[in-house]
Structure formats: structure tokens, C-alpha cells
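Working notes, beginning with the structure itself.
Every chain is numbered from 1, with letters handed out A, B, ... down the list of sequences.
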There are 4 protein chains.
Amino acid sequence: MPRAVRERQMMDAAVRTFGRRGYRAASMDEIAELAGVSKPLVYLYLHSKEELFTACIRREAEALLTAVERAVEPELPADRQLWAGLTAFFAHAAEHPDAWSVLHRQARTHGEPFALEVAAMRGHIVAFVAGLLEAAAREAGSPGPPGERDVEGLAQALVGAAESLAAWVNESEGESGGAVSAKEAAATLMNFAWVGLGDLIKGERWSPR
Amino acid sequence: MPRAVRERQMMDAAVRTFGRRGYRAASMDEIAELAGVSKPLVYLYLHSKEELFTACIRREAEALLTAVERAVEPELPADRQLWAGLTAFFAHAAEHPDAWSVLHRQARTHGEPFALEVAAMRGHIVAFVAGLLEAAAREAGSPGPPGERDVEGLAQALVGAAESLAAWVNESEGESGGAVSAKEAAATLMNFAWVGLGDLIKGERWSPR
Amino acid sequence: MPRAVRERQMMDAAVRTFGRRGYRAASMDEIAELAGVSKPLVYLYLHSKEELFTACIRREAEALLTAVERAVEPELPADRQLWAGLTAFFAHAAEHPDAWSVLHRQARTHGEPFALEVAAMRGHIVAFVAGLLEAAAREAGSPGPPGERDVEGLAQALVGAAESLAAWVNESEGESGGAVSAKEAAATLMNFAWVGLGDLIKGERWSPR
Amino acid sequence: MPRAVRERQMMDAAVRTFGRRGYRAASMDEIAELAGVSKPLVYLYLHSKEELFTACIRREAEALLTAVERAVEPELPADRQLWAGLTAFFAHAAEHPDAWSVLHRQARTHGEPFALEVAAMRGHIVAFVAGLLEAAAREAGSPGPPGERDVEGLAQALVGAAESLAAWVNESEGESGGAVSAKEAAATLMNFAWVGLGDLIKGERWSPR
DNA sequence: TATGAATGAGGATTCATTCAT
DNA sequence: CATGAATGAATCCTCATTCAT
């Protein structure tokens, strides 16, 4: 069997195992068995547990970014772009729960080298969202652009909310109340954020006292 | 030395170690050494690694809830309550980064039993926030209450955003741009959410198409 | 059982195993079993295979040096000192063949860190021998001291010859011709070296052509 | 490429790897890569690691013997023969340090089968030297031949000293004091041994008491 | 109350060796 | 003639956990 195929099998098995058990609790034995190969072959192709994990993170980060990018059409107005991106994001996370667990939980919990890998991807997304927010401000004819820090904070919060919702969506799957769909989640978030953003642009702020 | 004191020393050491190393990577050896006691004593008092971790989660969840509850004065209007709670939340997370790591990362990454423990706490917080949202709706004279699911989704998103911001606040500490304070974070979130929430209550919604 | 005792048992087992199998071929499993303890205990006390090997080298080097030093009485004339030292050396090597193998073979064959350890001991011995050679020259009323390099070369050759003879003595043990005793070996070497050394001091040299 | 050539490449690589890393630490992977062939080919031609190592030992032992034999002219007097042989020996060891390491260190450190292989070669050399010593005795008109055991002991010591000096010569290469040449080493040894040997033949002996 | 001594079980990693092509 | 693909068997090391005192 050609190397490329085997390699994909192994990484699939690894993502699944890492996603469910966690980095430390996942054993190379289990991964190899799940992939249907012997352990030495895993080492021959992927060198070490660390490298294997890193490879998984990179592959899944790329896949997530690609899924979002494909869904977004740059000629649309900013809100439609955000909507499309969010929907794709939730859908991807729901369709690949183990990959999502690897990116959102495991990678960020097991040491800098891995966390940096996802941080890079998250940086892309935050920047993308921040861009949309500024575009939205311009489209809305905002008198002056909101401060850069404001925008970054907003983007952080939005992405955080999305991530948190994604986890909720994934976890609600097995529950009695029925699953929450990607579109529902995206709509919730748009309602939560976009309308308020409009006000924010218009200068309406909440402030203590 | 009285048992209660010893026990607290151990749990302090455990929280610190679990928070920094992660559940699996933390060794009972390290915890015992950091606590300044022998390993058998740790087992005598806390029985097993799992129970120790659970105890840490419970203690820190309680501490976080308490900190938030103390800050909130129930006679105030809903928005002031939320503001106070958020500020306390961010401050607590910033002051106890290891505890925050245990709750936010480690506990949710290492198996159901632990995740359920934090899920319970999170449930409390979400319910509290949902209550505030409904109160806000009433206060604002909303024609009809928003659907229950809407409210839960909003609360989830808000709490998720808060958690994400807390991580951001904690991580920005060492950076050049200057640390982000608890108040700043709370203000960002209030701006992000509250104003828009008002519109939402008034019936203004974003919807695709 | 007290730690010190256990530690000695382990090192005895280690010397024996390293001496017979070689550093790489010796397994920690075998050492632990031979010592009558579990593997983790070996690691608890001696930390790693490398450290264990180093500890063995150091202990046996010290033991060998001590054996030689004890045998030498500094008031005697140089030739008697050398004779006593050589006899003690051969006797010690014959009585502790595994230790001798560790020092002479294994340590020098498995990487710098170990080789340096024995090189230090060997340095002591060579210096001691060189000292005796110079003393002998003085005692014999040599007109001028032999060149420093000559002396070092001679000492090297003498020590090398002794080491080689020690190996021969050890290996001849099981053979039909009967074992070679420490005294025989020492005598051979004294004959080989001392008489010639006398001539050398007197200025008689062999030279090509 | 003809088989003989390939085989030589492999053995060259093997000698180099075994000499530097040691028998156990040398991996067939490394040897194959260094030889520029695939691992199965190594197995096809040389069957196993053990056989490969044995083949290396044999080849290099032969080469060393040949180098010494070529240098010795049987019509010369015994001392000149010894001188020529020693010089050739030191030169060969210096020019082929990895081969020397294989013969002197590795082969003798990793189990009987290999040690016997070098022991055979060493036996040839010792016999050759012993022959020269007896010839020298005759040439010197010794009243009676020295005992056989004396001669073997002397030859052993001489060869041992030579081996030890060879290691010293090889290792002194990188040092500040300047390298020690093959001729210097041979001269040291001749001075050390030959002059004294003369006395020995004449019956002058060192003896304790 | 407190600990020094001890271990069973398991995990990452490597290596000599063999097929099918 | 030559190799890409594959593995069984060890080996080093760590860790949660328990006695005897």
C-alpha cells in the first residue's frame, strides 16, 4: 500500500484518538491499532508522538480554514460574509468533532509548541473577523473607525463566543432537546453580535455608572 | 499540624501543578513535593489522583462562583448586576490563573467525570446570566419574553465570550502592548453584548436574506 | 532494607552485568533481577542507565586505585614500590574480573563521557608510574633526567603492558596450561621493563640503523 | 555495479560505523545509508549483523597482518625486523583508526565469537614476536634459550604495550603537544624493550627480595 | 500522625530482519 | 539486481499506588 494512503490512515486514527482521549492519554499502540498498522510503521512515517500530534493539528487547522474560506464570497457585504463563514465553521466543527476537539481542547492544553500552532490559525480567523468588522463600519457609514483595540477585543469575543457555541452544539447532540444546527448557532451569534455592533458603530455604548 | 491545613496545602500544590502541567502530566510525586509532604500522606487524605483532581475542581469552581456571587447585589438593575459579575469573574480568573486553567482547560479535556463537574458550575453561571437577560427584557418592557432557547443560546454565547476573553486577558499579561485589565474586558463584553441585546429585545433581528 | 545496602546490591549486579554483557547489551531488567529488586527501584536510586554505569565506573576505579595505593609503601626504593603496585594491580584485576572488564573494556568502548572517567584514573596511575621512573633515575645516579616525553611514553607503555597482561592473566584462567598468577605477571613485567630501564638511564639506547 | 565492489562499499561503511559507534549502537540502517544502498541488499550480501561484523573483523585483521608482514624482511637481523614490524603496525593503526577501533576495542568487547576472531590474529602476532625474541637470543649467543613461558609472557607484554601505545598515538592526534608519529612510538617501544631484553638474555634479572 | 521502601503495569521508541515486487 | 513496505521483539523509563513501621 502506497505511503501516502497509509499516512492518511494513520493521521485519521490519530486525530480520532487524540480528540477522544487527549494527547497524553492517547497511546501510540491504540493509534496504530486503529489505523490497522504496526507501531514501528507509525514511527517510520511520523517520527514521534509529538510530531504526529503537530501534524494532526496542522492538517485539521488547514482543513478548518479552508472550509471557512471556501464558504465566504468576498464580493458580498460584510454581514453576509460573516454569516457564511460562521455557518461553515459550525458545520465543519459539527461534522468533525474529533478534529474540533484536537484543535479547540487538546492542542491548547498540552504545551506551548502545540498551542502556538492553533494560535496561528486562530490569529488568521480573528484577523479575518476584525477585517469584516471594519468593513461593516465603513459600509454603515461610521463617522470614524472604532479604535483598533476595540476591534480586536470585539473580534476576540466573537470568535470566543463562536468556539464556545461550537462546543455547545457538539455536546448537545446526544441530548433530549434535539440537536442545535449549525444555522441556528450562526443565527444566534449574528443576533448577539451584529445588531449590537451596529449600535456600537453609531456610538451608542454601554458604560458603568 | 492540623489536618485541614495540611489538606489545603496539598490542594494548593495540586491546583498549581494540574494547572501548569495538565492532569496527565502532573505527577503525584511533584504535587507531594510541592506541598512539602510525603506521598503516602497525600493518598491518606485524598485517596487517589482522580479524587484529588475532582476535589480541586470542586473547590475552585466553588471559589469562582462565590467570588462572582459576592460581587453581585441583587437589588441593582440587571445590567449593573451583569457588569459587576463580569468584572469579578475576570478579576478572579486573572488572580488565580492556575485555578482558571484547571477549570477552563484541564477539567474539560480529561474525561467525562471531570468535565461534568465544571459543566455543573457552568450551568449555574449560564442560568444566572439567562435570568439576568430575562430580567433585562422585563425591565425594558419587552412586549413578550424571548424564546427560552434564544435566551439559553445567548447566555451560552455570552459566557463563552467571557471565557474566551478571560483566556485572552490572562495571556496578554506578558505582552508588550500592556496587559488588558478585568474592567476593560468586562466593558468590551458589555459593549459587545448589552447594547445589541436591547435591540434584540425590541424585536430587531439580523436574519439571512 | 536500608537504602545503602540496596544500592550496593544494585551496583554489584550492575558491575557484573555490564562487565559480562557490555554496556549496550546489558539490560536494566537483567540488572534489577540479578540484584533481586524491581526495576523502578533501580531507577529511583540510580536514575538512569547512564548514571548507573558512571557510578559503577567511579566505584571500581576508586577501588582499584585504593588497592594499589594500599599496597605501596612510600619509604621503599622505587623498584620495590613498582613491584608492590604491580602485584596489587594484577591481584585486584584477577579477583574482580567483571570490574576489570568494566574499566578496561566497556567504559572505554562506549562513548566519551565514560571513557573520560577511566582516563582520569589511568592518568593517576600513569603519573604515579612516571614518578617512580624518575625516582629510579635519581636513585641510580643518572647524570641527567630523561626527557619528559620519554618518561611519559615509557609510563604509557608500561601501563599498557600491564593492562594487556592483566587481560591475559584473566583469560588464561580457564586454560589447560594452568593460570598465570599475579606475581608471575608482575615479575614478567619487571623483567621486561626495569632492567631495560636501567640501561636506558645509563644512556644505552637502541636506534634504527 | 559488480557485486564485489558493492560488497566492499558496504564493508567500508560497516567498519566506519562499527568503529565509531560500537557494535550494538551501530544500526544496519546507518550502515546501509552510508554505503548508499538499501538495507535488503546488505542482508542479501552479508546475511546478518553478526556475519557482517565478523566479516569486518576478518578483513581488517588480515589487512593489518598483511601490512606488518610486507614491512618485515626475513633476512634482516631480529631487531631490525621487530623495528620494521612495529613501525608498520603503528602506521597502519594510525591510518585506519576505525579499523583499529573495530579490532582493538569493539571486537573484544562484544562477546566471545568476535573476541576469538581477533584473538587468532593476535596469536599470530604474538607468535611472530616470540619467534623474533628467540632468534634474538640465538643471535646474541645466549647460553640457553629462555623458558617458553617467559618468552610468551614477554611477547604478550610487548604486544600489549604496542597496542596501548597505538591507542595513545591515535588519541594524541588532536592535542596541543603535537601528534606522536608511528616512528616515535616504535622507537619508544624498542628502547623500552629491546635493550632490557638483551640483559634478560644474558641472565640479568630483576627479582623481588 | 507520617514516611521510607517498594512495585505492577504500561508507554514511547528502536532495531534486526523479511516479503512482494 | 534492487527496493519500498512492513513488523515482532525488546529496551529504557515513569507513574499511581501500597505496606511496614
Side-chain angles (χ1 to χ4, degrees), chain A residues 1-7 10 21 23-32 35-53, chain B residues 1-3 5-6 23-32 36-53, chain C residues 1-7 10 23-32 35-53, chain D residues 1-3 6 23-32 36-53:
Chain A
M1 193 168 302
R3 173 167 179 156
V5 177
R6 277 279 197 243
E7 226 161 287
M10 290 176 196
R21 295 249 191 281
Y23 176 62
R24 299 279 309 215
S27 87
M28 296 297 270
D29 265 304
E30 190 180 353
I31 292 171
V37 298
S38 71
K39 236 187 321 173
L41 201 58
V42 179
Y43 279 90
L44 190 61
Y45 287 175
L46 286 103
H47 311 113
S48 77
K49 198 183 186 183
E50 242 180 273
E51 275 188 55
L52 172 54
F53 192 41
Chain B
M1 192 169 302
R3 169 159 182 163
V5 177
R6 278 273 203 247
Y23 175 61
R24 296 279 310 210
S27 85
M28 296 297 271
D29 266 301
E30 190 179 353
I31 292 171
V37 297
S38 72
K39 239 187 320 172
L41 200 59
V42 179
Y43 277 89
L44 188 62
Y45 285 178
L46 287 105
H47 317 302
S48 79
K49 195 184 188 184
E50 250 184 80
E51 278 188 51
L52 172 54
F53 191 42
Chain C
M1 193 168 301
R3 174 167 179 156
V5 176
R6 277 280 196 243
E7 227 162 285
M10 289 176 198
Y23 176 62
R24 298 280 307 214
S27 88
M28 295 298 270
D29 265 305
E30 190 180 353
I31 292 171
V37 298
S38 71
K39 234 187 323 171
L41 200 59
V42 180
Y43 279 92
L44 190 60
Y45 287 175
L46 287 106
H47 311 112
S48 76
K49 197 182 186 183
E50 244 182 88
E51 276 188 53
L52 172 54
F53 192 42
Chain D
M1 193 170 304
R3 170 160 181 160
R6 277 272 203 248
Y23 175 62
R24 297 278 310 209
S27 85
M28 296 297 271
D29 266 301
E30 190 179 352
I31 292 171
V37 298
S38 72
K39 239 188 319 173
L41 200 58
V42 180
Y43 278 89
L44 188 63
Y45 286 178
L46 285 93
H47 317 303
S48 79
K49 196 183 186 184
E50 252 184 80
E51 279 188 50
L52 172 54
F53 192 42

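Protein atom CG of C:L52 is 15 Å distant from nucleotide atom C1' of F:dT11, rounded to whole Å. Here F:dT3 presents its C1' atom at 9 Å from CG of D:L41, a figure rounded to the nearest Å. Taking atom CD on A:E7 and atom P on F:dA5, their separation rounds to 10 Å, with Å as the unit.
When all heavy atoms are compared, the tightest approach of A:M10 to A:L46 is SD-CD1, 3.7 Å. The shortest non-hydrogen separation linking C:S38 to C:A32 is C-CB, 4.0 Å. Closest non-hydrogen pair, C:K49 versus C:Y23, comes out as NZ-O, 3.0 Å. Across all non-hydrogen atoms, the minimal contact from B:L44 to B:H47 is O-CE1, 3.7 Å.
In terms of phosphate contacts, A:R6 brings a side-chain nitrogen or oxygen within less than 4.0 Å of OP1 or OP2 of F:dA6.
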What donor-acceptor contacts under 3.5 angstrom involve side-chain atoms of residues 24-31 of chain C, with partners at least two apart or in another chain?
{"unit_1": "C:S27", "atom_1": "OG", "unit_2": "C:D29", "atom_2": "N", "d": "3.4"}
{"unit_1": "C:S27", "atom_1": "OG", "unit_2": "C:E30", "atom_2": "N", "d": "3.0"}
{"unit_1": "C:D29", "atom_1": "OD2", "unit_2": "C:K39", "atom_2": "NZ", "d": "3.4"}
{"unit_1": "C:E30", "atom_1": "OE1", "unit_2": "C:R21", "atom_2": "NE", "d": "3.0"}
{"unit_1": "C:E30", "atom_1": "OE2", "unit_2": "C:R21", "atom_2": "NE", "d": "3.3"}
{"unit_1": "C:E30", "atom_1": "OE2", "unit_2": "C:R21", "atom_2": "NH2", "d": "3.0"}

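Under the Watson-Crick or G-U wobble criterion, with both distances below 3.5 Å, F:dA10 is paired with E:dT13. Across all strands shown, E:dT21 forms a Watson-Crick or G-U wobble pair, both distances under 3.5 Å, with F:dA2.
Ranking F:dA5, F:dT7, F:dA2 by closeness to the A:Y45 side chain, first place goes to F:dA5.
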Spell out protein contact along nucleotides 14-21 of chain F as letters: B when the base is contacted, S when just the sugar-phosphate is, - when no protein heavy atom is under 4.0 Å; keep the 5' to 3' order. BBSBBB--

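Between D:G36 and A:L44, the residue whose closest nucleotide on DNA chain F is further toward the 5' end is D:G36.
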